[in-house]
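Below you'll find the structure, written out as structure tokens, and then a few comments.
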Amino acid sequence: MTATPPPNPDRSFDQELCELVLDTAPRVFAVVQVCGDSSADADGWVAAWGLADPYGPTHVITLDGRTRLTLTSPERALRHFSRHPGITARLVWLTHPDTAALDQPEAA
């Protein structure tokens, strides 16, 4: 049986909240659609944004907000965005943030 260490008086509650946010943040990605056979004539655009939770579902929403998907993995979104002939889809991941900051509460 291990004992729980006493709270560290040097760490503020705000720091603990920021660490909690960083530890539980979903990964953010874009679904990019591409047309064209080679990089010389290819064109691409962002079709949707997604949030991937490593312990739960993936949520995807199109840029116009009219389509929302709940999927088992980010890769499943590719099928929904590459249905048209000549169009492929790719995932582009944003780098994971390594800092967090609290907003100051506004006065009521």
Distance, nearest 0.5 Å, that separates [atom1] of [X] from [atom2] of [Y]:
X   : Y   : atom1 : atom2 : result
Q33 : H84 : CD    : NE2   : 7.0 Å
E75 : F29 : CD    : CZ    : 8.0 Å
T24 : D53 : OG1   : CG    : 8.5 Å
C35 : I87 : SG    : CD1   : 4.5 Å

Do [X] and [Y] belong to the same hydrophobic cluster, where Ile, Leu, Val, Met, Phe, Trp and Tyr are linked whenever their side-chain heavy atoms lie under 4.5 Å apart, directly or via other members?
X   : Y   : answer
F81 : L71 : yes
L69 : W93 : yes
V60 : L91 : yes
V34 : L78 : no
L94 : V46 : yes

- Message: I'd like to know if the side chain of Q15 reaches the main chain of S12, judged simply by a donor and an acceptor atom lying under 3.5 Å from each other, with no hydrogens or angles considered.
- Response: yes

- Message: Check whether T62 reaches the backbone of A48 with its side chain - one donor and one acceptor, N or O, closer than 3.5 Å.
- Response: no

- For P74 against A52, the heavy-atom pair lying closest together: CG-CB, 3.7 Å

- Query: Would you call V28 and L51 a side-chain contact if the rule is heavy atoms closer than 4.5 Å?
  - Reply: yes

